Amino acid sequence: MKATEVVSKLQHLFPNQPEYIQAVSQVLGTIEEEYNKHPEFDRVNLIERLCIPDRIIQFRVNWIDDKGNVQTNMGYRIQQNNSIGPYKGGLRFHASVNVSILKFLAFEQVFKNALTTLPMGGAKGGSDFSPRGKSNAEVMRFCQAFMRELWNYIGPDIDVPAGDIGVGGREVGYMFGQYKTLTHQFVGILTGKGQEFGGSLIRPEATGYGNVYFLENMLKTRGISLSGKTVLVSGAGNVAQYTIEKLLQLGAKPLTCSDSDGFIYDPDGIDTNKLAYIMELKNIERGRIKEYAKEYPHAQYFPGERPWGIKADIATPCATQNEIDGKDAQKLIDNGIIAVTEGANMPSTPEAVKIFQDKKILYCPGKASNAGGVAVSGLEMSQNSERLKWTRDEVDNYLHRIMNDIHDNCVKYGTQTDGYINYVKGANVAGFLKVARAMMAQGVGM
Ligand SMILES: NC(=O)C1=CN([C@@H]2O[C@H](COP(=O)(O)OP(=O)(O)OC[C@H]3O[C@@H](n4cnc5c(N)ncnc54)[C@H](O)[C@@H]3O)[C@@H](O)[C@H]2O)C=CC1
Ligand SMILES: O=C(O)CCC(=O)C(=O)O
């Protein structure tokens, strides 16, 4: 297999899908050497079967707004690969959603889910509907309309969606209710459900907590403690909030967070009370992060900017894809950053990744460091299957163990001869080998 040839074929087949091509290029570039040690893979064209989704389900979603107008949005589910378990991955509701973005996310999800050690295949879905600025009733009607189209393609042993940007507990609840109405079945069809109806403890916290557990492991490889370290966080949603919470529990000092309008910098640090304010602002009032600077006048608000120019020890992007470009990466390096761990999916551009790796800082891609969310989704599926609910400590300990195992796997497959741990290579090769072996064992579908 020649990675560049496969990528140019995919580019030709799927023009105008830059995020998908970006994700595929990064993975193929790092697994090429390992892949070519196994001629049996090429004999069954494993690489194209891995890169091209099993299927893409695309549908129109009509819903009625508060004024009685019929609105139209697009809905999608990309079922990428189910070699190691039922399709699994989040739903994103955001105006920017398109096939390219969902294909990159579904592709990444396959490797991430393999890394968790749990039996989950990879998928992603969503809509160009954005809950921002919509009433609760509009969000409910949209979620119901979305599920009316999707229900036939999912099932607890087929495909189990969850949240992502714009899809939290509220949206999952409305979709779950609609699935139940349509099918008369109470089954674990979604994860991230409410605690009262089959949700797992720690699922809301899992991506953020896992991100910080992974960071701790990376720092340990250089004998560095997280305590007292200053941290740049972007985003102010689910992943950012629980990343900040765990950073605080472990003695670090988060300085920033952001939304798509700008970022706040609090030189005194975002403490527990300030985090409670952000959670109320974002999860209940659904307000903008600029309000933080009015509430805490020591903090500064930077409209239209990202936090990467602020001096700190560590950065953790937790908002969206390609939010750290080459210039941002250079600013972080110039300011002496020691580690970057990704809470978001593919937040660093290829130029940024190269800069981090050339400077040999600790850098980990999202498919490893943010895998805690889907890992606890997997644990939610287990609890639903056995109709039991585990304690907070049980789930958190399991999550911690999974993040440690992912770190160990990255070290195993990513350590270079000079001792530098290439976490990108480590995560991609470890995830790939598991999926490839399962695909080989199951033969070629005819
Ligand atoms: N929720 C989960 O369990 C997981 C989420 N992720 C990834 O983490 C990232 C954040 O997801 P969540 O926190 O769940 O979503 P969320 O909807 O709770 O929060 C997203 C945050 O990012 C900000 N944001 C969105 N688009 C932006 C843009 N273009 N520029 C700047 N800021 C923007 C939003 O304002 C918001 O603060 C995404 O990349 C998602 O794919 C990854 C693994 C699991
Ligand atoms: O919990 C899940 O199933 C998916 C979480 C997710 O969307 C992700 O890992 O990017």
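For the single chain, residues carry numbers from 1 onward in sequence order. Numbering of ligands and ligand atoms starts at 1, following listing order. Nothing here was measured: the structure is a model prediction, and the numbers come from that model.
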Note to self: Checking contacts here: is it the side chain or the backbone of L105 that comes within 4.0 Å of ligand 2, counting heavy atoms only? Could be both or neither.
What the structure shows: neither
Checklist line | Pair E216 + K246, salt bridge at N-O below 4.0 Å | finding: no
Notebook entry, point to check: Taking non-hydrogen atoms only, is K112 closer than 4.0 angstrom to ligand 1 via side chain, backbone, both or neither?
Noted result: side chain
Note to self: Just by distance, no angles: are the side chains of Y209 and E245 close enough, under 3.5 Å, to form a donor-acceptor pair?
What the structure shows: yes
Notebook entry, point to check: With a cut-off of 4.0 Å, which atoms of ligand 2 are near a heavy atom of G163?
Noted result: 7 (O)
Next item on the list: Say whether K282, considering both its backbone and side-chain N or O atoms, lies within less than 3.5 Å of an N or O atom on ligand 1.
Entry: no
Check: Any idea which part of C318 is under 4.0 Å from ligand 1, heavy-atom wise: side chain, backbone, both or neither?
Finding: backbone
Next item on the list: Determine, for E380 against K193, whether the closest basic-nitrogen to carboxylate-oxygen distance falls under 4.0 angstrom.
Entry: yes
Next item on the list: Evaluate whether atom CG of D66 has more than 12 neighbouring non-hydrogen atoms of other residues, nucleotides or ligands under 6.0 angstrom away.
Entry: yes
Next item on the list: Around atom 13 (O) of ligand 1, find the nearest protein heavy atom and jot down its residue, atom name and distance.
Entry: V239 N, 3.0 Å
Next item on the list: Applying ring-ring contact (aromatic ring centres under 6.0 Å, His included) between F146 and each of F93, Y153, W63, report the one that passes.
Entry: F93
Next item on the list: Examine the proximity of ligand 1 to S234 and report which part, side chain or backbone, both or neither, has a heavy atom under 4.0 Å away.
Entry: neither
Next item on the list: Assess M346 for proximity to ligand 1: is some non-hydrogen atom of it under 4.0 Å away?
Entry: no
Notebook entry, point to check: Which class fits the ring pair Y292 and Y296: parallel under 30°, tilted 30 to 60°, perpendicular over 60°?
Noted result: tilted
Notebook entry, point to check: Please state which protein non-hydrogen atom is closest to atom 3 (O) of ligand 2 and give its distance, to 0.1 Å?
Noted result: K88 NZ, 2.6 Å
Next item on the list: Provide the number and element of each atom of ligand 1 under 4.0 Å from a heavy atom of S258.
Entry: 37 (O)
Next item on the list: Please work out whether any backbone atom (N, CA, C, O) or any side-chain heavy atom from C-beta onward of R92 is under 4.0 Å from ligand 1, and answer side chain, backbone, both or neither.
Entry: side chain
Notebook entry, point to check: So which heavy atom in the protein is nearest atom 1 (O) of ligand 2, and how far is it from that ligand atom?
Noted result: S377 OG, 2.5 Å
Item checked: Pairing of K294 and E291 as salt bridge, 4.0 angstrom limit -> yes
Notebook entry, point to check: Would you find more than 12 non-hydrogen atoms of other residues, nucleotides or ligands less than 6.0 Å from K290 atom NZ?
Noted result: no
Check: Of all the atoms in ligand 1, which lie at a distance below 4.0 Å from a heavy atom belonging to A344?
Finding: 7 (C), 8 (O), 9 (C), 39 (O)
Notebook entry, point to check: For atom 35 (O) of ligand 1, which candidate among L105, D261, D259 holds the nearest heavy atom?
Noted result: D259
Check: Can you find an N/O atom of G373 closer than 3.5 Å to an N/O atom of ligand 1?
Finding: no
Check: Under a 4.0 Å N-O cut-off, is there an ion pair linking D334 with K359?
Finding: no
Next item on the list: Go through ligand 1 atom by atom and flag the ones less than 4.0 Å from a non-hydrogen atom of A236.
Entry: 37 (O)
Next item on the list: Please work out whether any backbone atom (N, CA, C, O) or any side-chain heavy atom from C-beta onward of D164 is under 4.0 Å from ligand 2, and answer side chain, backbone, both or neither.
Entry: side chain
Notebook entry, point to check: Can you list the atoms of ligand 1 that are under 4.0 Å from a heavy atom of G343?
Noted result: 6 (N), 7 (C), 8 (O), 42 (C)
Margin query: Within 45 degrees of the ring normal and closer than 6.0 Å to the centroid, is that where the cationic atom of K103 sits relative to F14?
Written below: yes
Notebook entry, point to check: Would you say R203 contacts ligand 1, with heavy atoms under 4.0 Å as the rule?
Noted result: yes
Next item on the list: Return the orientation label for the F214 and Y423 ring planes: parallel under 30°, perpendicular over 60°, tilted otherwise.
Entry: perpendicular
Notebook entry, point to check: Parallel under 30°, tilted from 30 to 60°, perpendicular over 60°: which one fits the rings of W390 and Y398?
Noted result: parallel
Checklist line | atom 4 (C) of ligand 2: nearest protein contact (heavy atom, Å) | finding: G90 N, 3.4 Å
Next item on the list: Report the member of G372, A319, G168 with the shortest heavy-atom distance to atom 10 (C) of ligand 1.
Entry: A319
Next item on the list: Please verify whether a non-hydrogen atom of R203 lies at under 4.0 Å from ligand 2.
Entry: yes
Margin query: Is the contact between N370 and ligand 1 made by the side chain, the backbone, both, or neither, using heavy atoms and a 4.0 Å cut-off?
Written below: both
Next item on the list: Starting from atom 6 (C) of ligand 2, find the nearest protein heavy-atom neighbour and note its residue, name and distance.
Entry: K124 NZ, 3.5 Å
Next item on the list: Go through ligand 1 atom by atom and flag the ones less than 4.0 Å from a non-hydrogen atom of N238.
Entry: 1 (N), 13 (O), 14 (O), 18 (O)
Next item on the list: Could you check atom 9 (O) of ligand 2 against the protein and tell me its nearest heavy-atom contact, residue, atom and distance included?
Entry: K112 NZ, 2.7 Å
Note to self: Is there a polar contact, in the sense of an N or O pair closer than 3.5 Å, between T320 and ligand 1?
What the structure shows: no
Notebook entry, point to check: Between OG1 of T316 and CG of L232, what distance do you get to the nearest 0.5 Å?
Noted result: 9.5 Å
